[in-house]
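From a predicted model like this one, the values you see are computed outputs, not experimental measurements. Chain letters run A, B, ... following the sequence lines, proteins first and then strands; every chain starts at 1.
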Amino acid sequence: MSVVLDQADVLPVLAPLVAGKAPADTRVVVAMSGGVDSSATAAWLHALGYDVIGITLQLYDHGQAVGRKGACCAGQDIHDARDVAAGLGIPHYVLDYESRFRDQVMDDFADAYLRGETPIPCVRCNQTVKFRDLLATARELGADVLATGHYARREEGAAGPELRRAADDGRDQSYFLFTTTRDQLDLLRFPLGGLPDKAATRALAQRFGLRVADKPDSQDICFVPDGDYARVIEKLRPGAAEPGDIVDMEGNVLGRHKGIIHYTIGQRRGLGIGGRTGGEDDALYVIRLDADRRRVIVGPRAALGVGAITLREVNWLGDAPLGARPVPVMVKVRSTHRPVAVTLAATEDGGARLVFDQPEPGVSPGQAAVFYDGDRVLGGGWIAATGG
RNA sequence: UGGGGCGUAGCCAAGCGGUAAGGCAACGGGUUUUGAUCCCGUCAUUCCCUGGUUCGAAUCCAGGCGCCCCAG
C-alpha cells in the first residue's frame, strides 16, 4: 500500500509548501475531486512527507452521478477519491456541500442565464465553496495550507503571495482563479502549477500506482450531464425557457428561438436561420440578449466587436493599488484565447472600466475579465455590461 | 390568361448541351475544467411536372402547373 521510493526514482522537486517548516510538521488539506490532478497532488505531497488530509466535497446529485465520465465531486468520483486516499493511507473526509453548492453555484448559474448573462460556474465554485468554505474547514482541521490540483502557480513576491499562470501554458487555469483574494492565497498551494505538462501529472499518478492515472480529463460543467446545460436550468427554474423572437439589429423579426437561456453572445450555431446573400459571410451571431423582451438580437460577425466593458466586484492582486487613472494591462475574457491589450481604471463602486485596444468579439455579461502582466495574474472582475 | 420575369437541397444561389459550384442553416466530430468562437467532415443520382430533340439536357423545344412584376 505504501509507496516505496527507490533512490533512483527521484520525485519532481517541489519547493517547501511553508517556508522554514519541515514537511512532516506541515499539515496540508488536499481538495480531492477524484480526478487525476488532485489525486496526484495528494500522493505527491504525501510521498514528500507532508501531513496530508484529503477532503472531497460532495457537491450535487447525491448518488445519481455514479459512473458518469468527466464529472467531479459526485458519485464515482467520490469513491475514486476515497480509494486513492485509502491507498495512500491518509485521512480522508467527504463533506456534504450539496446545499451550499446549490445556493452559491447552481442557483447563480440558472439566474444568470435568466437575466441574459452567461455565468462561469467554475469560478463561482472556486470563489465560494472551495476557497471560502473549504478553506475555513481546512483551518479548523489545523491545516497550514490548502492544496488543490489547479494548474496555476503561487509565488512569494515582494509584496506578498502572487498568483501566476501555470508553467504549462496550454493547461493554465489561472483564469478560473481570479477571485482568489490575498488572504486566501496565503493559505493556498498549487503544486501542479510548476509541472511542464499534463503528462507529468499522469506520470506522477502512474508512479504512485493510482487507479485514476488514466482517467479522462474533466471538461464542461461538472453538474451538467451531456452538455445540455439548458435542461439543468429548466429543472432548477421551471418555465425558464420561454420562446421569443430572433431579431436583427434594426428590430426586424427573423425567426423564433426556444428560450433565451439557450444562447450567449457571440454564438453562431443553434439559431436556425439561414439564407440571405450579399456578404462574403452570411453567418449570423448573437449580438445581444434582451431578457425582458425575451429577444435574441443577431447580426453579422463585424457587429460582434466590443470596445469597452464595465466590471463589477473587481479583485485586484497587483502590488500597487488600481486607481482611477487608466493603466495598460493584458486581459483574457475567456479561458482559452491569448490575453489582449486593454487599459484599465478603477471605478468608485469597486468595479472597473476596461477599454480594449482592438474590439473584442463574443464578450458576454456574466463572464470574467482577468488581468495579466506576463505570467502574473493581476486580478479580474465580472463583466457587468459591454459597450462604449 | 395583354406584356415581361422566374421556378436548382430547409434558405440564398451558381450553372446557359457534356454528366449538379459556393454560402447560410442543420447534423457529426476535433479543440476547450465556463458559455462561445474556431477547425474538420457530412448534406441534391438530381434541377416544378409531362413529353420531345440529342450519343448526351438543369441547360434546347412543346404543353402543363405555380409564383412575381408591369399594364389593366
Side-chain angles (χ1 to χ4, degrees), chain A residues 31 33-38 59 69-73 77 105-106 108-110 112-113 115-127 130 148-152 166 168-179 190 192 198 201 215-224 227-230 232-233 246 254-257 260-289 296 298-302 304-306 332-338 340 360-370 380 382-383 386:
Chain A
S33 69
V36 207
D37 296 334
S38 57
L59 296 181
K69 302 267 185 190
C72 83
C73 311
D77 297 299
V105 180
M106 294 176 70
D108 173 79
F109 176 77
Y113 267 110
R115 288 194 301 270
E117 299 188 355
T118 305
I120 314 180
C122 299
V123 176
R124 282 287 175 211
C125 180
N126 289 330
Q127 180 179 28
K130 285 182 186 155
T148 74
H150 285 111
Y151 287 84
D168 178 3
D169 206 55
R171 210 82 215 176
D172 173 55
Q173 293 171 329
S174 61
Y175 178 85
F176 297 97
L177 302 175
F178 85 91
T179 63
F190 313 112
L192 301 186
K198 178 85 179 196
T201 302
K215 201 166 164 178
D217 292 348
S218 66
Q219 53 181 44
D220 302 325
I221 301 167
C222 70
F223 56 89
V224 173
D228 190 355
Y229 72 84
V232 173
I233 296 172
I246 298 176
L254 301 182
R256 296 283 289 173
H257 65 92
I260 213 170
I261 63 167
H262 290 273
Y263 304 92
T264 186
I265 291 171
Q267 181 171 333
R268 171 177 175 172
R269 306 183 85 173
L271 290 167
I273 34 183
R276 82 200 56 250
T277 27
E280 55 288 5
D281 183 0
D282 290 322
L284 291 171
Y285 297 79
V286 176
I287 303 298
R288 202 160 58 77
L289 294 172
V296 173
V298 300
R301 185 173 177 76
L304 220 45
V306 161
K332 293 214 296 187
V333 290
R334 57 180 58 78
S335 65
T336 49
H337 281 205
R338 315 248 113 228
V340 297
E360 177 73 15
V363 183
S364 174
Q367 294 278 291
V370 180
W382 296 100
I383 298 171
T386 63

Base, sugar-phosphate or nothing for [X]? Non-hydrogen atoms, less than 4.0 Å.
X	answer
A/Y113	sugar-phosphate
A/R269	base
A/P119	base
A/F176	base
A/L304	nothing
A/G362	base
A/G270	sugar-phosphate
A/Q367	base

* Structure fact -> By the Watson-Crick or G-U definition, both distances under 3.5 Å, B/C6 is matched with B/G66
* Pair partner, B/G41 [Watson-Crick or wobble, under 3.5 Å] -> B/C27
Taking atom [atom1] in both [N] and [M], compute the distance separating them and give it to the nearest angstrom.
N	M	atom1	result
B/C67	B/U8	C1'	16 Å
B/A58	B/U19	C1'	11 Å
B/G22	B/A9	C1'	13 Å

* Asked: Can you name the residues that form a salt bridge (charged side-chain N to carboxylate O under 4.0 Å, His left out) with A/R288, not counting sequence neighbours?
  ->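 None.
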* Among B/A25, B/U34, B/G23, which is the nearest nucleotide to the side chain of A/C122? ->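 When the side chain of A/C122 is considered, B/U34 is the closest of B/A25, B/U34, B/G23.
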* Asked: Taking atom types as modelled, is there a side-chain donor on A/D220 or A/Y229 under 3.5 Å from an acceptor on the other?
  ->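 Side chains of A/D220 and A/Y229: no pair found under 3.5 Å.
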* Asked: Of A/Y229 and A/L271, whose nearest nucleotide on RNA chain B comes first from the 5' end?
  ->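 In this pair, the answer is A/L271.
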* Salt-bridged, A/D37 to A/R171, with N to O below 4.0 Å? ->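 Looking at A/R171 together with A/D37, the answer is no, because their closest N to O distance does not fall below 4.0 Å.
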* Parallel, tilted or perpendicular: ring planes of A/F109 versus A/Y113, cut at 30 and 60 degrees ->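 Perpendicular, since the angle between the ring planes exceeds 60°.
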Show the distances under 3.5 angstrom between N or O atoms of the protein and N or O atoms of nucleotides 6-11 of chain B.
unit_1	atom_1	unit_2	atom_2	d
B/C11	O2	A/G275	N	3.3

